[in-house]
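Remarks on the structure that follows.
Chain letters run A, B, ... following the sequence lines, proteins first, then strands; residues in each count from 1.
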Amino acid sequence: SQKIEQNSEALNIQEGKTATLTCNYTNYSPAYLQWYRQDPGRGPVFLLLIRENEKEKRKERLKVTFDTTLKQSLFHITASQPADSATYLCALDDSNYQLIWGAGTKLIIKP
Amino acid sequence: DTEVTQTPKHLVMGMTNKKSLKCEQHMGHRAMYWYKQKAKKPPELMFVYSYEKLSINESVPSRFSPECPNSSLLNLHLHALQPEDSALYLCASTLNAAYNEQFFGPGTRLTVL
């Protein structure tokens, strides 16, 4: 069955630097992969979706890449700010149109 | 209106109580989901409704009973819960089951005593 691994439990980044989060999957390549942000005690918020035929997607300071050869997606936040501190979840579709979720990476941006 | 609302925000109940969680969206989405999330874990899918019909039940115990009265509303009826059922319960919706950008509500924090 498909498994998702996200890098490390927590990632500490200095304000202004680029934060890079990793999402690796183990089995079949999904039709698309999504990234969500979750703040404590709140529901996840959709950020970006990238399809298997897309290499890169951007939205303001966010950038997602998708490498089906490496079975990996990278999520970048440029010019990071303390307000970007949150848990970031990656999710990919399974054969039933449902999402399989990674455990998330807690990102801490230090001023 | 681009949000999913959930009530109540917090719920404390005893193991013999019956309570209900409510979820509402007015975005015209035809797929709605219930998730359970424990601390530091990803959301765990419980139920999926597609066009008001239950399409997925992820082997959830019968003490959780979902209901979809119409395309905008989703309920989760709770009865005889266990302390280990304490969690954040999240509702989500998508345009349809094949379009998977999910819109989540703020969740209900449930504590079972």
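- In this structure, A/Tyr36 contributes its side chain and B/Gln102 its backbone to a donor-acceptor pair below 3.5 Å.
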Going through the checks in order, is the side-chain hydrogen bond (donor to acceptor under 3.5 Å, both in side chains) test met by B/Glu58 and A/Gln98?
CA-CA 11 Å; B/Glu58 292 286 352; A/Gln98 303 315 316; over 6 Å; no
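- The 12-atom threshold is not exceeded at CD of A/Glu5, counting heavy atoms of other residues, nucleotides or ligands nearer than 6.0 Å.
- The neighbour count for A/Glu60 CD, taken as heavy atoms of other residues, nucleotides or ligands under 6.0 Å away, does not exceed 12.
- Hydrophobic clustering (ILVMFWY, side-chain heavy atoms < 4.5 Å, transitive): B/Tyr35 and B/Val60 are in distinct clusters.
- Closest non-hydrogen pair, B/Pro42 versus A/Trp101, comes out as CB-CB, 3.6 Å.
- Of the listed residues (B/Gly105, B/Ala39, B/Pro43), the greatest number of heavy-atom pairs within a distance under 4.5 Å of chain A belongs to B/Pro43.
- At most 12 non-hydrogen atoms from other residues, nucleotides or ligands lie less than 6.0 angstrom from NZ of A/Lys17.
- Taking 4.5 Å as the limit, some side-chain heavy atom of A/Pro44 sits within range of a side-chain heavy atom of B/Leu90.
- Within a 6.0 Å radius of NZ in A/Lys57, other residues, nucleotides and ligands contribute more than 12 heavy atoms.
- When side chains are defined from C-beta on, B/Gln37 counts as touching A/Gln38, because their heavy atoms get closer than 4.5 Å.
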